[in-house]
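Letters A, B, ... are given to chains in the order of the sequence lines, protein chains preceding strands, and every chain is numbered from 1. Worth saying up front: this structure is predicted, and the values here are computed from it rather than measured. Computed over heavy atoms, backbone and side chain alike; hydrogens, waters and symmetry mates excluded.
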Number of protein chains: 2
Amino acid sequence: MSRFQELVVEHGREIELQPGDHLFAQGEHDSRVFMVKSGLLKAYYIRVDGKEHIKSFLPEGSIIGSMVSLVDGDPCSFSLQAIEASLAVALPYSTVQQAAQSDIELANALIAFLSTYGKRKERREYELLSLSPEKRYAILLAEMPGIVERVSQADMAAYIGVTPQALSRIRRRMSR
Amino acid sequence: MSRFQELVVEHGREIELQPGDHLFAQGEHDSRVFMVKSGLLKAYYIRVDGKEHIKSFLPEGSIIGSMVSLVDGDPCSFSLQAIEASLAVALPYSTVQQAAQSDIELANALIAFLSTYGKRKERREYELLSLSPEKRYAILLAEMPGIVERVSQADMAAYIGVTPQALSRIRRRMSR
DNA sequence: CGCCGTAATTAACCGAGGTTCATTTGTCGC
DNA sequence: GCGACAAATGAACCTCGGTTAATTACGGCG
């Protein structure tokens, strides 16, 4: 566990979540960083046309916060909701920033975290730009084994960026 | 200009580029950070099927490097090439990291940079997941005014993720 | 067991982008 | 102005995901 995760766990406040509970919702201001201790969350947003899109599934160990809210104080661009009964830890980002002002080790842990985050987003961009929905589904299965049992097909469809019907067709094609 | 950019300019080595010249190519190891002083670069990769995809256009002031190569020392996942005659500054990332070990101000500048980078990628993910190619083209035009005069339509098509033919159709639809 | 609500599947139709190939336009160098 | 090459457009056909709506499968629960 990195210094960053340690800080969150040490100074954070625990929050219990039932399926459907939100940590924050799109449009709200929330400058906390969360760590998922157990359970499963999803980060998603609602588009203008009402469709839901899932940015990521967050199993145990994940760290998350709305980057725009943390950095610029803008309203969150997405919502954070529990899929399963979960346990999370919350810590104001200002605490992290303050600590980073004087704690070089923490600052570098933060840099490492943000770099990893950037890397993950780079790969996600590649997948979205280059790969078909079918390939993206295959990757999701490979990267999060057991996800099929934990989330609905509608959510997986919202993650790979197609309708539930399309995902159903994809699964049929793949099983043949 | 942030402390980060300052560091690059101060200690970096200048590199002149003609259109078509590469700073690094996909698959190579290159752990330098670059800043574009003038001109225009593109970051792109070649997919297994031979198609080219453009991650971003990099005008004056941009800072770039292959995150995976910087952080993990993996081979670069994309290539960096000049579209116009350009002037860039290169600095080994290890220099940045070392400086960040002792310079808390730089570390925080790095954090700010990485956060901004993460935010940009978040928005790009949103665009790819939610918006039609037509919308993405409109956004490109809005965000980089003058880009039409500076890059070929094929490159813009590679950026928004469609074929040149499709972009041609989109432009026809939009002009009506 | 049967009822009901939700999730998942299937079908039919449509439209947009991909693919391939031909044609036109544009831009140089001479 | 002309030839040559690249860039952009256009046309014909195909595939796949979106849309709408109907149907089936699956769980509780009375």
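The CD-C1' distance, from A/Q153 to D/dT24, rounds to 14 Å in whole Å. Whole-Å rounding puts the A/M156 CE to C/dT9 C1' distance at 14 Å. Rounding to whole angstrom units, OH of residue B/Y137 and C1' of C/dA16 are separated by 18 Å. Between the CD atom of A/E149 and the C1' atom of D/dG27 there is a distance of 17 Å, given to the nearest Å. Here the P atom of nucleotide C/dG17 and the CG atom of A/L129 are 15 Å apart, to the nearest Å. Rounded to whole Å, atom P of D/dT9 lies 13 Å from atom CE of B/M174.
Between the B/S31 side chain and the B/S69 main chain, no donor and acceptor come within less than 3.5 Å of each other. Proximity of a side-chain donor or acceptor of A/S168 to a complementary backbone N or O of A/P164 within less than 3.5 Å is not detected.
The shortest distance between side-chain heavy atoms of B/E122 and A/Y117 falls below 4.5 Å. By the 4.5 Å heavy-atom criterion applied to side chains, B/L128 and B/R124 are counted as neighbours.
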After noting the C-alpha distance and the side-chain angles of B/Y137 and B/Y159, does the key distance pass the ring-ring contact (aromatic ring centres under 6.0 Å, His included) rule? CA-CA 9 Å; B/Y137 179 63; B/Y159 176 80; over 10 Å; no
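Other residues, nucleotides and ligands contribute more than 12 heavy atoms inside 6.0 Å of the CD atom of B/Q101. Heavy-atom contacts from other residues, nucleotides or ligands closer than 6.0 Å to CZ of B/R173 number more than 12. For A/Q153, the CD atom counts as densely surrounded, since its 6.0 Å shell holds more than 12 non-hydrogen atoms of other residues, nucleotides or ligands.
Out of D/dA8, C/dT9, C/dA8, the shortest distance to the side chain of B/S152 is found at D/dA8.
The line from CD of B/E52 to CZ of B/R47 is 11.0 Å long, rounded to the nearest 0.5 Å.
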Give me the distances for all protein-to-nucleotides 15-19 of chain D N/O pairs that come in under 3.5 Å?
residue, atom, partner, partner atom, Å
D/dG17, OP2, A/R173, NH1, 3.4
D/dG17, OP2, A/R173, NH2, 3.1
D/dG18, OP2, A/T163, N, 3.1
D/dG18, OP2, A/T163, OG1, 3.0
D/dG18, N7, A/R169, NH2, 2.8
D/dG18, O6, A/R169, NH1, 3.2
D/dT19, OP2, A/K51, NZ, 3.1

Dump every N/O contact between nucleotides 27-29 of chain C and the protein below 3.5 Å, one line per pair.
none

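Overall, the helix from C/dC1-D/dG30 to C/dC30-D/dG1 carries an axis bend of 30° between its ends, with five pairs at each end and the value rounded to 10°.
Taking 4.0 Å as the cut-off between side-chain N and carboxylate O, A/R123 and A/E143 count as a salt-bridged pair.
Between B/F34 and the choices B/L58, B/V89, B/L80, B/L91, the side chain to side chain contact (heavy atoms under 4.5 Å, CB included) rule is met once, by B/L80.
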